[in-house]
Amino acid sequence: MELKENWRLHGFDVGKAPIEASKPTLDDRFWMTAQVPGDVHSTLLMHRQIAHPYFGHNDQSSRWIEEKEWWYRTSFHYQLDSDREEHHELVFEGLDTFATIYVNGHEVGQTANMHVGHVFDVTRVLREGWNVIAVKFDPVRLHHEGKELFQWSSYTKERPWLRKAAMNFGWDWGPRMVTTGIWGSVRLRRSRIAKLDHVYARTVHLESSANVLEGAASARVRIDAEVIVHRRGGWSGGRSAEGLECVCRLLSPGGEAVAETISPVHAERGGGFHTEAELIVDSPKLWWTHDLGQPHLYQLEVVLRHGQEDLDRFTTPFGIRTIELQTKDAEGKEAFAFLLNGVKIYAKGANWIPADHFIGAIPGERYDDLVSLSVEANMNMLRVWGGGIYEKDVFYDACDRQGVLVWQDFAFANALFPDFNRNFMENVRSEVESNVKRLRNRASLALWCGNNEIDWLVDMKTAGGDIHCPFYGETIYHELIPDVLQQYDDSRPYWPSSPFGGNDANDPGVGDRHNWQVWHGSVYPRKFGEPPQLDYSIKGVSFKNYKKDFALFSSEFGMHASANRYTLEKFIPQGEFYWNSSEMAYRNKDTNHLKGILLMEGYTGIPQNIEEYMNYSMLTQAEGLKYGIEHYRRIKHRNGGALVWQLNDSWPGTSWSMIDYELLPKASYYYAKTFFHPVLLSLDHEPGEDLRVWVVNDTMKELAGTIELRVVDFAGKEVFSRSLHVQAAANTAVEIGQLAEAEALQNADPGRVLVQLQARGFAAPENRYYLRDPKELAMPAAQLEVQADNPGKVTITATKHLARMVKLDLPRSNTRFSDNFFDLLPGESRTVLITDREGQPVTLDGLRVSALNVQ
């Protein structure tokens with residue numbers, strides 16, 4: 001029974017709530033109505049009690065919310081069965097964070113962790129008919145005041161003691177927004193005799209077939225289930241597994257059983273109850289990432305029964321697949337690559353942060369949309385970053401269903417944590433166990449990772465003199481989490497930190513790597529114990545540094561770009577939407593705004609107005625990510641994956657995201673459709689050097705055909721062409737030819753041409769390159785002809801000269817463009833379809849079409 005109706009909310013100064021606030025007798029009719037799941041901020045916003053915290057500087061004026069004590073209440077009718085020995089539990093899937101829970105005036109428990117669900121036995125306090133639940137939330141200040149402040153905790157000092165989303169306290173891409181409230185669903189659960197506690201299913205063996213992509217010969221699936229047996233008839237009745245059994249089956253999408261077995265429940269030595277079973281599935285359809293095959297899902301069903309009575313039932317989608325992390329290659333050399341069903345894959349994707357600062361109020365469609373957008377951009381992995389939350393089930397549902405792997409950080413980021421404190425460590429162990437048990441059945445879950453950047457930054461900050469204390473928190477990632485995983489999840493790999501490995505925990509020769517030479521100007525190479533250095537210069541922050549990086553796995557890298565016009569105008573006060581305004585600066589939470597200026601100064605030139613800023617920053621991000629990712633993919637014999645920082649935004653700001661807060665993709669997103677495509681045509685070139693042509697083949701099939709290389713000037717005249725033979729084995733990157741720059745130019749000005757690569761005989765998107773940076777191009781003025789056909793269809797044609805970065809703007813959120821931010825040669829046309837999230841054409845009111853070189 002889900003309790004989502006009749007919730008009400010009221011705030012009080014600490015300790016000033018009426019004494020009967022927890023009692024059923026309180027008259028709460030004049031409290032605010034509240035949505036559950038949700039949070040206090042979104043409730044106040046719904047009732048117009050606060051201005052939108054994302055508009056202008058309004059987040060500053062809502063800081064008072066975190067200082068209050070907040071009460072939620074609801075009432076409901078409940079029917080008890082007095083003839084049956086039933087147990088009743090109140091389940092909260094998410095409470096943020098320090099809550100006291102009352103049922104009919106009785107305190108049933110307290111909580112101190114946002115990252116776990118909470119279950120309370122309410123058998124003794126529920127009553128027939130009308131019942132009341134009250135939940136009191138303390139301000140977090142009461143639970144960190146007086147606590148030790150550590151030498152390092154990025155962005156704020158209070159959070160290490162609090163098991164709460166770190167980004168609530170502000171990060172370099174979002175404001176401080178300390179939320180509170182019931183952020184997960186609430187339900188009552190009844191059981192009799194016994195109940196299923198946790199079910200764990202995993203593929204323990206695949207019998208290979210001739211073509212593993214088409215399936216396996218057979219699969220062995222192991223199922224373990226913990227069972228809680230209720231005490232019957234009071235103390236004298238005791239607890240017994242006699243007569244208890246579990247029916248375990250896998251069902252096809254059509255509901256037919258493909259494997260089934262019955263296993264008895266038995267008592268364990270420690271006093272618990274357990275069952276285990278194995279299912280043999282003949283000719284199973286395997287779960288694949290969407291780029292390799294179908295993410296096939298069966299339905300796992302476990303029914304606990306006693307005699308002829310079904311006591312409890314657990315169902316979940318289940319993908320048959322194996323996942324491994326290869327840290328040594330066939331020759332014994334260092335590696336970092338994922339093997340899915342024994343097939344080495346190249347991980348292409350991005351880092352995921354919470355989809356909104358108001359986590360409890362995020363609609364499920366937002367998760368579906370963001371995962372769908374990542375799939376459309378040819379991503380096959382998302383990394384859930386450790387400064388947010390263990391995501392909601394709807395996120396993993398979408399990844400399971402759409403064939404996207406998940407790298408899952410545990411919720412520890414950029415700080416020292418008090419692993420010397422017993423209460424804190426008990427809280428952490430409960431959190432780790434809870435989330436491992438919740439997520440371990442997910443086909444999409446590929447890796448557990450202990451933390452974000454802590455091991456690496458502890459070394460740097462110690463070497464730099466900022467930390468003099470021991471590595472507080474180390475035992476969490478190197479002892480506690482591995483111990484829990486050994487007990488509860490043996491089916492997927494664990495990695496202690498990201499980045500991790502080698503001489504400085506960010507070594508390109510061992511483990512995974514975060515490249516923050518680009519943008520942040522970190523100076524490398526660096527070894528363990530050496531003080532960190534920063535180079536804030538055009539050269540120091542340039543994305544050209546990516547080519548110096550020969551990482552085994554690139555798990556974090558990126559650069560800023562502006563949000564789209566609609567997103568910025570929606571949240572910036574009138575008259576403040578201009579380049580270098582204080583409101584524009586407020587959108588950028590990074591620690592030093594000079595970096596973005598330096599990056600653009602070296603590539604596009606410094607923008608002079610807001611339109612140039614939006615265009616130059618987006619172009620720099622898009623071309624920079626293309627430059628880096630194509631390099632990483634060309635060395636796929638060594639590099640196992642590239643995950644951009646970051647996919648999405650949690651508020652409408654300027655950040656590293658590829659998709660802004662209003663779910664409007666930036667230029668880099670549309671570039672990703674090419675640079676993340678399973679078959680990539682790539683040009684490796686620097687000014688004055690040879691043009692080297694590559695094919696990167698991430699498919700499991702050999703490619704044969706040709707690449708047509710054309711050099712075309714900005715007036716559309718062909719300067720040079722050559723046909724290059726392609727023979728590329730499955731899952732390889734191959735250099736197929738090179739030519740001197742002078743030969744390709746045929747005396748043409750390198751600042752007045754582009755290079756086209758087109759596939760013949762196999763499918764791959766066309767790729768285009770300029771032989772000089774934008775600020776060095778002699779870009780003539782172009783003209784565009786625009787034919788807009790309502791609803792949702794626009795055809796753009798370039799006349800006279802090449803049009804650089806044609807951009808379509810429409811003043812509406814979550815709008816899908818079939819293409820955007822593209823170049824057009826003279827006489828070339830592109831038809832763009834514009835739809836809503838459901839694929840329906842939209843009206844074109846307010847449409848703007850522009851290009852960098854169109855006046």
Between Asn451 and Ser497, does a side chain to side chain donor-acceptor pair (under 3.5 Å) hold up when you go through it step by step? CA-CA 5 Å; Asn451 69 69; Ser497 183; 2.6 Å; yes
Working for side chain to side chain contact (heavy atoms under 4.5 Å, CB included), residues Arg159 and Ser153: CA-CA 8 Å; Arg159 68 180 176 85; Ser153 174; 3.6 Å; yes
Original post:
What do the steps show when you test His87 against Lys195 for side chain to side chain contact (heavy atoms under 4.5 Å, CB included), and what is the final call?
Top reply: CA-CA 10 Å; His87 286 250; Lys195 66 171 185 175; over 6 Å; no
* Asked: side chain to side chain contact (heavy atoms under 4.5 Å, CB included) between Trp448 and Ile481: does it pass, once the steps are laid out?
  -> CA-CA 9 Å; Trp448 294 110; Ile481 294 175; 5.8 Å; no
Go through the steps to decide whether Leu286 and Thr203 satisfy the test side chain to side chain contact (heavy atoms under 4.5 Å, CB included), and finish with yes or no.
CA-CA 10 Å; Leu286 302 183; Thr203 306; over 6 Å; no
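Not counting sequence neighbours, the partners of Thr275 by the side-chain contact (heavy atoms from CB on, under 4.5 Å) test are Ala225, Cys246, Ser263, Val265. For the side-chain contact (heavy atoms from CB on, under 4.5 Å) test, no residue two or more places apart in sequence or in another chain qualifies with Ser430. Every residue was checked against the side-chain hydrogen bond (donor to acceptor under 3.5 Å, both in side chains) condition with Thr111, not counting sequence neighbours, and none meets it. When the salt bridge (charged side-chain N to carboxylate O under 4.0 Å, His left out) test is applied to Asp455, no partner is found at least two apart in sequence or on another chain.
Using a 4.5 Å heavy-atom threshold, the side chains of Phe137 and Leu95 count as touching. Considering only heavy atoms from C-beta on, Lys285 comes within 4.5 Å of Tyr298 through its side chain. Within the 4.5 Å cutoff, the side chain of Val644 has heavy atoms near those of the Met658 side chain. The shortest distance between side-chain heavy atoms of Arg187 and Glu93 falls below 4.5 Å. Between Leu90 and Leu3, some side-chain heavy-atom pair lies under the 4.5 Å cut-off. Two residues are said to be in side-chain contact when any heavy atoms from C-beta on lie closer than 4.5 Å; Glu260 and Cys248 fail this criterion. At a threshold of 4.5 Å between non-hydrogen side-chain atoms, the residues Trp456 and Pro499 count as touching. The shortest distance between side-chain heavy atoms of Leu480 and Arg429 falls below 4.5 Å.
Within the model, atoms OG1 of Thr315 and CG of Leu251 stand 9.5 Å from one another, a figure rounded to the nearest 0.5 Å. With rounding to the nearest 0.5 angstrom, the OG1 atom of Thr289 is 13.0 Å from the CD atom of Gln402. Considering NE2 of His230 and CD1 of Ile193, their distance stands at 9.0 Å, rounded to 0.5 Å. Atom CG of Asn168 and atom OG1 of Thr97 lie 7.5 Å apart (nearest 0.5 Å). The line from NE2 of His118 to CZ of Phe120 is 6.5 Å long, rounded to the nearest 0.5 Å. Atom CZ of Phe336 is separated from atom CG of Asn639 by 11.0 Å, given to the nearest 0.5 angstrom.
Residue Gln294 qualifies as open at atom CD: its count of foreign heavy atoms under 6.0 Å is 12 or below. Residue Glu426 qualifies as enclosed at atom CD: its count of foreign heavy atoms under 6.0 Å is above 12. Atom CD of Glu2 sits in a crowded spot, with more than 12 heavy atoms from other residues, nucleotides or ligands closer than 6.0 Å.
Within the structure, every pair that satisfies the side chain to side chain donor-acceptor pair (under 3.5 Å) test and touches residues 319-330, not counting sequence neighbours, is listed here: Lys328-Glu334.
Asp490 has a carboxylate O that lies under 4.0 Å from a charged side-chain N of Arg202, or vice versa, which qualifies the two as a salt bridge. A salt bridge links Arg401 to Asp368: at least one charged side-chain nitrogen sits closer than 4.0 Å to a carboxylate oxygen. Salt bridge annotation for Lys437-Asp489: absent, with no cationic side-chain nitrogen under 4.0 angstrom from a carboxylate oxygen.
Checked by atom type and distance alone, the side chain of Arg249 never pairs as donor or acceptor with a backbone atom of Leu279 at under 3.5 Å. The main-chain N or O of Leu311 is never found under 3.5 Å from a side-chain atom of Glu309 such that the two would form a donor-acceptor pair. A donor-acceptor distance shorter than 3.5 angstrom exists from the side chain of Asp121 to the backbone of Thr123, with no hydrogens or angles considered. Judged by distance alone, the side chain of Asp96 and the main-chain N or O of Met114 form no donor-acceptor pair under 3.5 Å. A donor-acceptor pair under 3.5 Å is formed between the side chain of Asn506 and the backbone N or O of His514.
For the residue pair Ser191 and Asp312, no side-chain donor N or O sits within less than 3.5 Å of a side-chain acceptor on the partner. There is a side-chain donor-acceptor pair under 3.5 Å between Thr475 and Asp419. No hydrogens or angles considered: nothing links the side chains of Thr179 and Asp39 as a donor-acceptor pair under 3.5 Å. Looking only at atom types and distance, the side chain of His274 has a donor-acceptor partner in the side chain of Glu276 under 3.5 Å away. Between the side chains of Asp400 and Ser444, a donor-acceptor pair is found at a separation under 3.5 Å.
Contact record, Asn648 with Pro354: ND2-O, 3.6 Å, taken as the closest heavy-atom pair. Considering all non-hydrogen atoms of both residues, Gly403 and Trp287 come closest at CA-CZ2, 3.7 Å.
If you run salt bridge (Lys or Arg N to Asp or Glu O under 4.0 Å) between Glu86 and each of Arg190, Arg189, Arg192, only Arg190 comes through.
Ring geometry, His357 versus Trp173: the interplanar angle exceeds 60°, so the pair is classed perpendicular (tilted spans 30 to 60°). The aromatic rings of Phe424 and Phe417 lie parallel to each other, their planes meeting at an angle below 30°, with 60° marking the opposite boundary.
Here the two rings, on Trp495 and Phe553, have centers that are 6.0 Å apart or farther.
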Quick one: side chains of residues 377-394, donor-acceptor pairs under 3.5 Å with protein atoms, not counting sequence neighbours, listed by atom name and distance.
unit_1 : atom_1 : unit_2 : atom_2 : d
Asn378 : ND2    : Lys673 : O      : 2.8
Asn380 : OD1    : Lys348 : N      : 2.7
Asn380 : ND2    : Asp291 : OD2    : 3.0
Asn380 : ND2    : Tyr346 : O      : 3.0
Arg383 : NE     : Asp409 : OD1    : 3.4
Arg383 : NE     : Asp409 : OD2    : 3.4
Arg383 : NH1    : Asn351 : OD1    : 2.7
Arg383 : NH1    : Glu556 : OE1    : 2.8
Arg383 : NH2    : Asp409 : OD2    : 2.6
Arg383 : NH2    : Asn452 : OD1    : 2.8
Tyr390 : OH     : Ala411 : N      : 3.1
Tyr390 : OH     : Glu431 : OE2    : 2.6
Glu391 : OE1    : Tyr367 : OH     : 3.1
Glu391 : OE2    : Trp352 : NE1    : 2.9
Lys392 : NZ     : Ile359 : O      : 2.7
Asp393 : OD1    : Arg438 : NH1    : 2.7

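For Arg163 and Phe412, the positive end sits near the middle of the six-membered ring, less than 6.0 Å away and at most 45° from its axis.
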